[in-house]
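Taking it in order: structure first as structure tokens, then the write-up.
Only this structure's heavy atoms are used, side chains among them; waters, hydrogens and symmetry mates stay out.
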Amino acid sequence: MPIRRAAVLIAKPDRDADADRLEAVLRAHTHLLARAQHIDDAPASPEAEDADLIVVLGGDGTLLSESRRHAPLDKPILGVNAGRLGFLAEFTIDDLEQQAEALLTADDLPTRRVPMLRADLTSNAGTTTAHALNEAVITAGPPYRLIELGVSIDGEPGPAVRGDGLIVSTALGSTAYNVSAGGPICHPAVDATLITPIAAHSLAFRPIVAPADAVIEITPILINNDNGTAGTTLVLDGHTQLRVRDGDTITIARNGEAVQLVTNPAGSYWRTLIDKLHWAKPPSLRER
């Protein structure tokens with residue numbers, strides 16, 4: 001007999017028509033506990049504790065936000081793309097409509113566990129902790145002058161990077177800010193942490209791939225903090241922002257938590273690279 005999972009739908013605002021279609025699919029193949037609206041910085045959906053599946057409708061930013069929020073529950077999260085790129089959200093509504101019966105009522109959902117990063121910002125006032133699924137970025141911030149950061153890995157002092165900042169990325173996040181800054185694309189199944197400079201003031205400071213369990217410590221040497229409200233900042237997943245000041249220390253390592261993302265059985269990571277990121281696509285040539 002097919003399984004009827006308890007599900008919660010969380011939809012990005014202004015997507016009512018898409019949410020209605022998705023709700024109809026879920027009501028046909030699951031026991032839908034609630035339909036909630038995605039709200040930045042809101043707590044986890046209370047119904048999610050009783051759910052077997054959390055379905056998120058929106059872009060990759062919405063999926064990242066809801067994944068961080070619900071990570072402690074360790075529930076499968078299925079992303080349905082309603083944004084422009086949809087690299088992390090593997091399903092479209094059409095995909096889910098076509099696969100719903102086989103996928104949602106199967107004994108086991110196809111998932112991959114994505115470990116999260118933990119960033120500890122330690123200052124004289126104490127330690128502030130935040131988490132990321134894609135990346136932790138130390139960015140110059142206003143007034144956008146060159147900054148310098150000391151880097152150590154597993155307690156071994158490393159080089160200092162001078163430039164616009166530094167990205168510490170998960171394999172999943174390698175196709176986000178990391179690849180835009182010239183870092184390597186890394187399949188999400190690879191257990192690794194990527195360290196990529198942003199506009200390094202040196203041809204010799206190249207991106208590196210470190211073991212997934214590496215502990216990366218970053219110390220400000222020269223930063224922008226002469227402005228009372230803005231300056232060098234630690235940014236997690238493009239959302240959480242923590243101001244960095246002289247004397248602070250940033251420690252980035254694997255968090256103990258992981259997120260279960262439902263994968264598309266009809267999808268392909270390599271096909272997604274080609275279709276959505278246009279991997280190795282040649283320049284377009286106008287016909288003469």
Quiz item: Going hydrophobic residue to hydrophobic residue with side-chain gaps under 4.5 angstrom, can you get from I10 over to I39?
Solution: no

Quiz item: Any side-chain heavy-atom pair from I218 and V168 closer than 4.5 angstrom?
Solution: yes

Exercise. Give, for atom CG of L26 and atom NE2 of H31, the distance between the pair rounded to the nearest 0.5 Å.
Key: 12.5 Å

Exercise. Treating Ile, Leu, Val, Met, Phe, Trp and Tyr as nodes and any side-chain heavy-atom pair under 4.5 angstrom as an edge, say whether Y269 and I77 lie in one connected cluster.
Key: yes

Exercise. Assess whether atom CG of D40 is packed by more than 12 heavy atoms of other residues, nucleotides or ligands within 6.0 Å.
Key: yes

Quiz item: Looking at P115 and L133, what are the two nearest heavy atoms and their distance?
Solution: O-CD1, 4.3 Å

Practice problem: Report, as yes or no, whether the 6.0 Å neighbourhood of atom CZ on R4 holds more than 12 heavy atoms from other residues, nucleotides or ligands. | Solution: yes

Quiz prompt | Residues forming a side-chain hydrogen bond (donor to acceptor under 3.5 Å, both in side chains) with R35, sequence neighbours excluded | solution = D20, E23

Quiz item: Do V215 and V209 share a hydrophobic cluster, counting only Ile, Leu, Val, Met, Phe, Trp and Tyr and linking them when any side-chain heavy atoms are less than 4.5 Å apart?
Solution: no

Quiz prompt | Sub-4.5 Å side-chain heavy-atom contact between H70 and K75 | solution = no

Quiz item: Does R113 come within less than 4.0 Å of D74, counting only side-chain N to carboxylate O?
Solution: yes

Practice problem: Please examine the side chains of R162 and S202, heavy atoms only from C-beta on, and report whether any two atoms are closer than 4.5 Å. | Solution: no

Quiz item: Excluding sequence neighbours, so at least two apart, what forms side-chain contact (heavy atoms from CB on, under 4.5 Å) with R118?
Solution: D120, T129, H131, N255

Exercise. Report the residues that fulfil side-chain hydrogen bond (donor to acceptor under 3.5 Å, both in side chains) with N178, sequence neighbours left out, ordered by chain and then residue number.
Key: T196

Quiz item: Do side-chain atoms of S65 reach the backbone of G61 as a donor and acceptor pair under 3.5 angstrom?
Solution: no

Quiz item: Between atom CG of D108 and atom OG1 of T111, what is the distance when rounded to the nearest 0.5 Å?
Solution: 8.5 Å

Practice problem: Applying salt bridge (Lys or Arg N to Asp or Glu O under 4.0 Å), name anything that partners E49, two or more places apart in sequence or on another chain. | Solution: none

Quiz item: Which pair of non-hydrogen atoms, one from R69 and one from P43, has the smallest distance, and what is that distance?
Solution: CD-O, 3.3 Å

Quiz item: Quick one: does E90's side chain have a donor or acceptor within less than 3.5 Å of a partner on N264's backbone?
Solution: yes

Quiz prompt | Single-linkage hydrophobic cluster I223~L242, side-chain heavy atoms < 4.5 angstrom | solution = yes

Exercise. Apply side-chain hydrogen bond (donor to acceptor under 3.5 Å, both in side chains) to H201 and list each qualifying residue two or more places apart in sequence or on a separate chain.
Key: none

Quiz item: Is I167 close to L194 at the side-chain level, that is, under 4.5 Å between some pair of heavy atoms?
Solution: no

Quiz item: Going from CG on L9 to OG on S45, what distance comes out if it is rounded to the nearest 0.5 angstrom?
Solution: 10.0 Å

Exercise. Have a look at V137 and tell me which of L166, I198, L234 forms a side chain to side chain contact (heavy atoms under 4.5 Å, CB included) with it.
Key: I198

Quiz prompt | Within-4.5 Å side-chain heavy-atom neighbours: R245 and S123 | solution = no

Practice problem: Give the minimum heavy-atom separation between G79 and L63, together with the two atoms involved. | Solution: CA-CD1, 4.0 Å

Practice problem: Mind listing the closest non-hydrogen atom pair of G173 and E135 along with its distance? | Solution: O-OE1, 4.3 Å

Quiz item: Per the side chain to side chain contact (heavy atoms under 4.5 Å, CB included) rule, which among L53, V55, V262 passes with L104?
Solution: L53

Quiz item: Are the side chain of T233 and the backbone N or O of V235 linked by a donor-acceptor pair below 3.5 Å?
Solution: no

Quiz item: Who passes side-chain hydrogen bond (donor to acceptor under 3.5 Å, both in side chains) against T127, sequence neighbours left out?
Solution: T122

Practice problem: Rounded to the nearest 0.5 Å, what's the gap from CZ on F91 to CG on L22? Could you check? | Solution: 11.0 Å

Exercise. Over all heavy atoms of both residues, which pair between F205 and P197 is shortest? Give the atoms and the distance, please.
Key: CD2-CG, 3.5 Å

Quiz item: Just wondering, do R254 and D213 contact through their side chains at under 4.5 Å, heavy atoms?
Solution: no

Quiz item: Can you tell me how far the CD1 atom of I208 sits from the CD1 atom of I195, to the nearest 0.5 Å?
Solution: 4.0 Å

Quiz prompt | Whether D191 side chain and A212 backbone form a donor-acceptor pair below 3.5 Å | solution = no

Quiz prompt | Check: D52 side chain, A6 main-chain N or O, donor-acceptor pair, under 3.5 Å | solution = yes

Self-check item: Any donor-acceptor pair under 3.5 Å from N224 side chain to P142 backbone
Solution: no

Quiz item: Counting only N and O atoms by type, is there a donor-acceptor contact under 3.5 Å from the side chain of T92 to the main-chain atoms of D95?
Solution: yes

Quiz item: Do T263 side-chain atoms and P110 backbone N/O form a donor-acceptor pair below 3.5 Å?
Solution: yes

Quiz prompt | Interatomic spacing from OG in S67 to CD1 in I54 - rounded to 0.5 Å | solution = 8.5 Å

Quiz prompt | Distance-minimising heavy-atom pair for L117 and A136 | solution = CD1-N, 4.2 Å

Quiz prompt | Same apolar cluster (I L V M F W Y, side chains within < 4.5 Å links), Y177/L149 | solution = no

Quiz item: Does a side-chain heavy-atom distance below 4.5 Å link R68 with N134?
Solution: no

Quiz item: Do any N or O atoms from the side chain of T193 and from the backbone of T170 form a donor-acceptor pair under 3.5 angstrom?
Solution: no

Exercise. Might you confirm whether atom CD of Q37 has over 12 heavy atoms from other residues, nucleotides or ligands at distances under 6.0 Å?
Key: yes

Quiz item: Under a 4.5 Å cut-off applied to non-hydrogen side-chain atoms, are T249 and E217 in contact?
Solution: yes

